[in-house]
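One structure is given below, encoded as structure tokens.
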Amino acid sequence: MAENKTPSESGRDAGQASKAAGSETEAHVSGAPWRNFYGRFSGKTLKDSQRRYIAEDLEGLSPGAVGWEENPDRKPLDLDALFGGRETWLEVGFGGGEHLVHQASSNPDVGIIGAEPFINGVAMLLGKIRKAGCENIAVHPGDARDLMDVIPPQSIARAFLLYPDPWPKTRHHRRRFVTPEHLEPLARCLKPGAIFRVATDIPDYVRQTLEEVPKAGFEWLASEAADWREPWEDWISTRYEQKALREGRTPTYLTFRRLG
């Protein structure tokens, strides 16, 4: 996938940049830092129903002012107002939304924010939310880094990273989520003792996760093989996991706890 060099959140309009996008130190006119985004914003043409979900539902599910143009001072989100004082969880890259809706339906006393820049996945999630009738979900249709900018420090009680893009080529490993660029802001958002779950079917992603996540201030909660070979008790298998199993890859389930 070709590199998309975009300003945070409003980066789909790179023509507004005050300078050319050739340097990662340059800034958007909004004040946003230039961040490399590796991946797709859209795929197949959306169905009419999916376009309707986006037009009718997405704005009402916003967690608040996340974008740099609407929130240039990076004022923290009011999570207490958003979820009525409920504990807040975060899912980074929710794919088609199966797991997010499952957790929200199973835990009505919790509020869950999902971040996903791929608009087709966002549309799929919105359809599932309508069907399930969940009222404890907020959706950020963009880069999780922009969202983590404005999540109050030590406010998230649980986070999920499930089947992230593996970026299998060695030269692309720096694009993975399990790098300091992503893990440091995530750690800042999590409460001491918060749980961070990672699921992947890529052995080298497991390796990098076990190397990098503890450096960011986490401990791996594993004492026996079942702790990473068997899914969590409240797990629901996603489409990405089912694809991995069909293709003969073995899922790994890693659980970390935020130190502090």
Side-chain angles (χ1 to χ4, degrees), residues 1 4 9 37-47 49-51 53-54 57-58 61-63 66 88-107 110-132 134 136-148 156 158-168 172 175-179 182-183 186 195-202 204-206 208-209 213 231-232 234-247 249-255:
M1 181 63 62
N4 293 314
E9 185 61 18
F37 177 81
Y38 306 101
R40 296 182 298 165
F41 287 120
S42 62
K44 295 180 180 179
T45 301
L46 297 177
K47 300 176 182 178
S49 59
Q50 292 177 324
R51 288 196 293 269
Y53 300 155
I54 291 172
D57 300 350
L58 184 56
L61 292 171
S62 171
V66 174
T88 304
W89 296 358
L90 170 68
E91 183 165 344
V92 176
F94 54 72
E98 303 100 316
H99 177 266
L100 180 55
V101 170
H102 168 71
Q103 290 290 351
S105 298
S106 302
N107 299 280
V110 168
I112 308 181
I113 305 175
E116 174 61 64
F118 188 55
I119 197 63
N120 298 66
V122 173
M124 294 175 65
L125 170 67
L126 297 180
K128 292 180 175 67
I129 292 174
R130 279 199 177 194
K131 184 176 181 179
C134 299
N136 55 333
I137 293 176
V139 182
H140 170 57
D143 194 323
R145 292 171 296 183
D146 297 332
L147 176 62
M148 291 187 292
I156 302 297
R158 182 166 297 191
F160 306 93
L161 178 68
L162 309 174
Y163 294 94
D165 194 321
W167 294 109
H172 292 159
R175 301 181 181 183
R176 292 173 170 175
F177 186 90
V178 289
T179 58
H182 301 87
L183 292 174
L186 175 65
I195 296 298
F196 176 37
R197 291 180 176 179
V198 181
T200 180
D201 57 294
I202 306 299
D204 190 68
Y205 207 103
V206 173
Q208 188 171 352
T209 300
V213 174
W232 303 282
D234 58 353
W235 176 244
I236 180 174
S237 187
T238 68
R239 67 186 59 224
Y240 297 106
E241 179 167 278
Q242 291 301 311
K243 179 181 179 182
L245 294 171
R246 288 195 303 270
E247 296 177 356
R249 296 189 298 278
T250 302
T252 299
Y253 309 92
L254 304 173
T255 305

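All values reported here derive from a predicted model rather than from experimental measurement.
Arg197 is listed as a side-chain neighbour of Arg158, based on a closest heavy-atom distance under 4.5 Å. No side-chain heavy atom of Asp57 sits less than 4.5 Å from a side-chain heavy atom of Ile129. Contact of the Leu162 side chain with the Tyr240 side chain is not registered, since no non-hydrogen atoms from C-beta on lie closer than 4.5 Å. Ile112 is not listed as a side-chain neighbour of Phe94, based on a closest heavy-atom distance of 4.5 Å or more. Contact of the Thr252 side chain with the Thr209 side chain is not registered, since no non-hydrogen atoms from C-beta on lie closer than 4.5 Å. Looking only at side-chain heavy atoms (C-beta outward), Trp235 and Glu241 come within less than 4.5 Å of each other. Taking 4.5 Å as the limit, some side-chain heavy atom of Phe177 sits within range of a side-chain heavy atom of Leu186. The closest side-chain heavy-atom distance from Thr179 to Gln208 is below 4.5 Å.
Atoms CD and CG, on Gln50 and Asn120 in that order, are 7.0 Å from each other to the nearest 0.5 Å. With values rounded to the nearest 0.5 angstrom, Leu58 atom CG is found 10.5 Å from His140 atom NE2. Annotation: the span from Leu161 atom CG to Tyr205 atom OH amounts to 5.0 Å, rounded to 0.5 Å. Interatomic distance, Ile137 CD1 to Trp89 CH2, rounded to the nearest 0.5 Å: 12.0 Å. The distance from atom CG of Leu46 to atom CE of Met124, rounded to the nearest 0.5 Å, is 11.0 Å. To the nearest 0.5 angstrom, Phe160 atom CZ is 9.0 Å from Leu100 atom CG.
When all heavy atoms are compared, the tightest approach of Leu90 to Leu147 is CD1-CD2, 3.8 Å. The shortest non-hydrogen separation linking Pro166 to Arg176 is O-NE, 2.6 Å. Nearest heavy-atom pair across Gly97 and Leu125 is CA-CD1, 3.8 Å. Here the closest heavy-atom approach between residue Val213 and residue Val178 is recorded as CG2-CG1, 4.2 Å. Residues Gln242 and Ser237 share a closest heavy-atom pair of NE2-OG, 2.5 Å. Annotation for Ser62 and Ala138: closest pair C-CB, 4.5 Å, computed over non-hydrogen atoms.
Glu98 places no side-chain N or O within donor-acceptor distance of the main-chain N or O of Thr238, the cut-off being under 3.5 Å. A donor-acceptor pair under 3.5 Å is absent between the side-chain atoms of Arg145 and the main chain of His182, judged by distance alone. Between the side chain of Lys128 and the backbone N or O of Gly96, at least one donor-acceptor pair lies under 3.5 Å. In this structure a side-chain-to-backbone donor-acceptor pair under 3.5 Å is present from Asn136 to Asn107. In this structure a side-chain-to-backbone donor-acceptor pair under 3.5 Å is present from His102 to Asp234.
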Before giving the answer on side chain to side chain contact (heavy atoms under 4.5 Å, CB included), spell out for Thr255 and Tyr253 the whole-Å C-alpha distance, their side-chain angles and the decisive distance to 0.1 Å.
CA-CA 7 Å; Thr255 305; Tyr253 309 92; 5.9 Å; no
